[in-house]
Structure formats: structure tokens, C-alpha cells
Amino acid sequence: MRQDKAPIYEALIEYKKKRVVSFDVPGHKQGKANPELTELFGEKAISVDVNSMKPLDNLCHPVGVIREAEKIAAEAFGASEVFFMINGTSSAVQAMVMYALKRGEKIIMPRNVHRSAINALIVTGAVPVYVNPGVNNELGIPLGMSVEDVERAIAENPDAKAVLINNPTYYGICSDLKRIVEAAHRAGMLALVDEAHGTHFYFGENMPVSAMAANADAAAVSMHKTGGSLTQSSFLVMNSGINAGYMRQTVNLMQTTSGSYLLLASLDLARRNLALNGNNIFAKVMDYAEYARKEINAAGGFYAFSREIINGKDVFDFDVTKLSIHTRNIGLAGIEVYDILRDDYGIQIEFGDIGNILAVISVGDRMFEIERLISSLSEIKRLYAKPSAGMFEQEYINPDIVLTPQEAFYSQKKQVCIKESAGNICAEFVMCYPPGIPILAPGERITPEIIEYIGYAKDKGCFMTGTEDMKIERINVVAGGGVK
């Protein structure tokens with residue numbers, strides 16, 4: 001396969017040259033119906049926001065240029081198959097879970113998964129067997145899964161159908177993926193990988209192992225996060241153990257029938273760019289991140305952590321492109337630093353939690369922007385540093401699982417004040433977004449510790465989501481679920 005080709009992009013250029021008169025959707029007719037739309041997005045983009053047609057193929061059943069682009073992408077990722085996903089990486093995670101599991105079947109997974117994985121359990125009725133991640137007490141963050149803990153979960157649940165692994169976590173932490181995949185396969189289970197933050201593992205050198213290189217069965221790869229495609233575009237990559245035809249049917253249960261060619265072309269072009277230039281691109285990204293870490297740590301106060309936290313167990317490897325920075329030593333929650341950077345310095349980082357921030361360094365960054373971030377953090381430390389006494393220290397709380405997510409979500413519910421909800425069984429989500437990892441998920445017992453965490457996160461300014469109550473003051477609980 002020629003990695004310099006971009007079949008979808010090339011087909012769109014040919015379509016545009018033909019000046020086809022459009023009596024199909026979309027109704028804006030290449031922007032003619034709405035000049036403001038054309039002004040905002042540009043004539044070139046609007047002119048190729050088109051509908052599926054024979055020359056441009058069909059995402060639900062590709063046999064032309066989309067299928068050709070899939071095959072080229074599969075070679076680039078070292079996979080047997082690649083599907084273009086335009087409902088976000090969430091849909092790819094959900095497709096993997098729905099492919100592997102039916103109602104009542106078990107999946108072994110870390111509790112610090114993205115909400116999309118638990119959403120898939122609500123839809124399928126599958127049963128989670130949670131492996132609690134390790135916790136770094138200094139940083140207050142969840143880590144990866146140890147091989148020993150996964151093997152124990154497999155031994156205790158030999159009827160489980162799959163194991164789901166984060167590679168990496170939002171903070172850049174990687175489990176021992178190869179050994180976990182091997183353990184799953186020995187037990188006859190599928191190994192599924194949420195690789196939303198690991199696109200670069202396939203194209204850079206000296207990176208943690210990728211899902212396909214570790215012989216995992218399938219992975220959700222978020223190209224828009226670190227690969228340079230448009231927001232909401234991702235790849236679902238698969239090895240030969242996956243029935244691609246059935247996986248396509250599963251994807252089509254959720255993915256739109258009106259595929260956006262802007263998103264599809266962006267995936268095509270981003271893959272081409274990484275396949276041809278990825279080594280150089282991510283070498284630069286690593287240099288930027290390492291430089292920023294060195295300067296931030298030299299200034300003191302903030303702690304930009306890296307491979308020194310590797311312990312061979314629940315931190316088997318670390319993604320050095322992730323600029324994860326601990327903030328609590330200067331007396332500020334991560335979300336407070338996040339807000340100050342945006343509001344006072346015009347710098348938007350990826351997220352802030354109660355003790356850390358994450359700045360994503362990727363293909364589009366430049367050195368002067370890195371310097372601006374470093375200098376801004378130095379000034380924030382000088383202006384805002386204070387004693388850290390009394391700060392909440394723990395980012396992960398072990399859940400008490402009472403019901404499956406589906407049972408709880410579809411149960412008879414009642415709404416109670418969050419502050420008075422201890423002992424009830426949660427019937428919805430509570431989370432800070434980003435990163436979108438639930439503090440509470442349906443089916444989990446609400447504890448005083450969790451209530452304290454939610455209150456602290458709200459007070460510090462975390463953007464809370466998940467509850468029916470938009471003010472995050474009341475929470476749906478299972479009616480008659482019993483209060484301990």
C-alpha cells in the first residue's frame with residue numbers, strides 16, 4: 001500500500017472539479033444557502049461537505065475509496081482491519097464492548113475507564129469485573145492495572161469474555177500491555193484497548209508498545225487527540241482475531257448513516273502525514289515535552305512527572321509526550337491552575353483535576369508556545385503559591401459495586417440531595433469533564449468519602465457532568481435499593 005495516497009481526499013478533489021449540480025443533501029448546497037456558514041468555515045471546506053454517492057463510497061458499506069483508505073490505514077497501523085469512526089472514539093470503545101459481550105456476560109476492566117465504556121455496559125447489560133488501579137499517593141492519581149491483579153481477576157472469573165485496558169491513561173501511564181494481552185488470550189478472552197490517547201505509539205520511536213504490536217484484538221485510537229485529524233474522528237483498529245464483518249454490523253448499530261466527508265478526509269490526510277512523517281513529528285513532540293518538564297521542575301513548586309514513577313507493576317511504562325504536572329505542592333488544585341492559565345494568560349490546557357493538570361503536546365505545537373506555558377506557570381507559582389494544608393489528596397476512590405450499570409440505570413429511581421445521599425445506590429453518573437472518568441457510576445454505593453470528593457471538586461471549580469440535575473445538587477438513586 002502506498003502511504004502517500006489519500007483516497008478519500010483525492011476523490012473529494014475530483015468531485016469538486018466536476019462542478020456537480022446538487023439536488024441531494026446537505027441542504028446548504030455547498031454553502032450557497034448560508035453565506036455566514038461559508039464565511040466561517042471557508043468555501044473549500046463547505047464545498048466538500050457532501051453526501052454519500054457512488055464516486056465517494058458509503059461509510060456503512062464501503063466498497064470504493066473509503067474501503068481503499070481503510071486498507072491503507074490498516075497497513076499504517078500494523079492491523080488486519082481499520083474502520084473510520086466519525087462518532088468519536090467513544091463509539092469505537094462502545095463497538096468493541098458490544099462486539100465482545102451480550103447481556104449478563106462479564107468484562108474485566110479498570111475502574112478508571114472513560115464513561116463510554118460504562119455506557120456500553122448500560123446498553124448491552126454486560127457485567128463489569130473491576131480491577132482497581134494502583135494509586136500514587138504522592139500525586140493522588142490512579143495508575144494502571146498490574147498483571148498480577150488482572151491474572152487474579154481472570155482466575156476468579158474464568159467465564160469473562162474480554163479484558164479492557166487503557167493504553168495510556170489520561171496522565172500517560174501504561175500497564176504491561178503485552179503480558180495482560182497474553183493472559184487474556186491464554187484464558188480465551190478478547191483483549192480490547194482504549195487507546196484514545198495513544199495514536200502516537202504507532203508512529204513514533206521509543207514509545208510505549210501499541211495495542212496492535214502487543215497483539216491485542218482491537219483498539220479505539222483517537223486520531224483527533226494526538227494525530228492531527230478533526231475533532232470527533234477516530235480509528236477502530238483490529239487484528240485477525242476479530243470478525244470484521246460482524247464488527248462492521250456492530251459499528252453500524254451506532255454510527256451515523258450520514259458520514260461527514262470533512263471528518264473522513266481529515267482521517268485520511270492525518271494518517272498519510274503520520275505514516276510519512278510520524279517519526280520526525282513525534283521526536284519533536286518528545287523534545288518539547290521533555291524540555292518543558294525540565295524547565296518546570298527546575299523552577300520548583302510544580303512537579304512535571306515522567307518515567308521516574310515507573311515501578312514495573314501498575315506503572316509499567318510512561319508516555320513522555322504527556323506533560324502531566326502535579327500542582328498541590330504550591331497549594332493549588334489542578335483545576336484552579338487550569339482556570340488561571342485560561343483566564344489570565346490565554347492558555348487553554350487539556351484538563352485540571354484536584355491535584356494535577358495535563359498539557360497535551362502534539363503535532364501542531366511550536367517552541368514559543370511551550371516557552372509561554374513555562375513562563376506562565378512560573379509566574380502563577382510566584383503570585384498564587386500558598387501552603388497546601390487541608391487540600392484533598394486522593395483522586396481515586398475504590399467503588400462499592402451493588403448492581404450492574406444497566407440494572408441501576410433502568411431501575412425505578414428517586415432524586416435526593418447529594419449531600420444526604422450516603423448509603424444509596426447511584427442510578428446515574430457523576431464526573432468531572434474532562435477527563436470523563438466517573439466519580440460515581442450507576443450501580444455503585446454512595447459513601448461519605450465520595451460525597452466529600454464531589455463537594456470539594458465543585459468548590460474548586462471542576463466542570464461536573466452526568467446527573468439529570470444540571471446544578472449537580474441532587475442525584476438519582478435506586479428507589480427501594482436499601483440504604484446502609
Would you say [X]'s side chain and [Y]'s backbone share a donor-acceptor pair under 3.5 angstrom?
X      : Y      : value
Lys458 : Ile472 : yes
Ser222 : His197 : no
Thr124 : Ala126 : yes
Arg293 : Ile325 : no
Asn166 : Asn112 : yes
Glu75  : Ala73  : no
Glu336 : Ala333 : yes
Glu428 : Glu468 : yes
Asn157 : Ala153 : yes
Thr327 : Gly355 : yes

Would the number of heavy atoms belonging to other residues, nucleotides or ligands and lying under 6.0 Å from [atom1] of [X] be above 12?
X      : atom1 : value
Arg103 : CZ    : no
Phe316 : CZ    : no
Lys5   : NZ    : yes
His61  : NE2   : no
Lys294 : NZ    : no

Any Lys/Arg nitrogen of Glu70 or Arg67 sitting under 4.0 Å from an Asp/Glu carboxylate oxygen of the other?
->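 Answer for the salt bridge query: yes.
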
Does a salt bridge link Lys322 with Asp319, judged by any charged N lying under 4.0 Å from a carboxylate O?
-> yes

Testing the basics here: between [X] and [Y], what is the closest heavy-atom pair and its distance to 0.1 Å?
X      : Y      : answer
Phe235 : Met85  : C-CG, 4.1 Å
Pro208 : Asp317 : CA-OD2, 3.5 Å
Ala184 : Ala191 : CB-CB, 4.3 Å

Measure the shortest side-chain to side-chain distance between [X] and [Y] over non-hydrogen atoms and say whether it is less than 4.5 angstrom.
X      : Y      : value
Leu358 : Asn356 : no
Asn119 : Gln94  : yes
Lys16  : Lys44  : yes
Leu264 : Ile66  : yes
Leu230 : Leu262 : yes
Gln255 : Ile86  : yes
Gln30  : Glu43  : no
Gln3   : Arg272 : no

Atom [atom1] in [X], atom [atom2] in [Y]: separation rounded to 0.5 Å?
X      : Y      : atom1 : atom2 : result
Tyr456 : Lys460 : OH    : NZ    : 4.0 Å
Phe41  : Ser47  : CZ    : OG    : 13.5 Å
Ile340 : Leu332 : CD1   : CG    : 5.5 Å
Thr89  : Met223 : OG1   : CE    : 10.5 Å
Arg271 : Tyr9   : CZ    : OH    : 12.5 Å
Ile309 : Asn136 : CD1   : CG    : 6.0 Å

Taking it one step at a time, do Val127 and Ile107 satisfy side-chain contact (heavy atoms from CB on, under 4.5 Å)?
-> CA-CA 6 Å; Val127 179; Ile107 179 171; over 6 Å; no

Is there a side chain to side chain donor-acceptor pair (under 3.5 Å) between Asp469 and Thr467 once you walk through the steps?
-> CA-CA 5 Å; Asp469 174 25; Thr467 58; 5.5 Å; no

By the salt bridge (charged side-chain N to carboxylate O under 4.0 Å, His left out) test, which pairs, at least two apart or in different chains, include something from [range]?
range            : result
residues 180-208 : Glu151-Arg186
residues 217-237 : none
residues 107-128 : Arg111-Glu444
residues 226-239 : none

Determine, step by step, whether Arg372 and Glu369 satisfy the salt bridge (charged side-chain N to carboxylate O under 4.0 Å, His left out) criterion, reporting the C-alpha distance in whole Å, the side-chain angles of both residues, the deciding distance to 0.1 Å, and the verdict.
-> CA-CA 5 Å; Arg372 183 173 164 186; Glu369 294 163 336; over 6 Å; no

Pair listing, ring pair (Phe, Tyr, Trp, His ring centres under 6.0 Å) test, anchored in residues 274-296, at least two apart = His200-Phe282

Does the ring center of Phe305 lie less than 6.0 Å from the ring center of His326?
->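 That pair fails the under 6.0 Å test.
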
Determine, stepwise, if the pair Phe203 / Phe77 fulfils ring-ring contact (aromatic ring centres under 6.0 Å, His included).
-> CA-CA 8 Å; Phe203 301 101; Phe77 281 87; 5.2 Å; yes

Report yes or no: is the cationic atom of Arg248 (NZ for Lys, CZ for Arg) closer than 6.0 Å to the six-membered ring centre of Phe83, at no more than 45° off its axis?
-> yes

For side-chain contact (heavy atoms from CB on, under 4.5 Å), just list the numbers for Leu121 and Thr404, CA-CA rounded to whole Å, side-chain angles, deciding distance to a tenth of an Å, and then say yes or no.
-> CA-CA 8 Å; Leu121 302 182; Thr404 70; over 6 Å; no

Evaluate side-chain contact (heavy atoms from CB on, under 4.5 Å) for Asp49 paired with His28, printing each intermediate quantity in order.
-> CA-CA 9 Å; Asp49 180 34; His28 62 68; 2.8 Å; yes

Could you walk me through whether Tyr303 and Glu138 pass side chain to side chain donor-acceptor pair (under 3.5 Å), step by step?
-> CA-CA 11 Å; Tyr303 169 38; Glu138 177 188 355; 5.5 Å; no

Please list, chain by chain and in numerical order, all residues satisfying side chain to side chain donor-acceptor pair (under 3.5 Å) with Tyr410, sequence neighbours excluded.
->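 Tyr410: no side chain to side chain donor-acceptor pair (under 3.5 Å) contacts found.
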
Which is it for His224 and Gln232 under the side-chain contact (heavy atoms from CB on, under 4.5 Å) test, yes or no, and what are the steps along the way?
-> CA-CA 7 Å; His224 73 89; Gln232 199 175 307; 5.6 Å; no

Run through Phe463, Tyr171, Tyr433, Tyr338 and flag the one making a ring-ring contact (aromatic ring centres under 6.0 Å, His included) with Phe351.
-> Tyr171

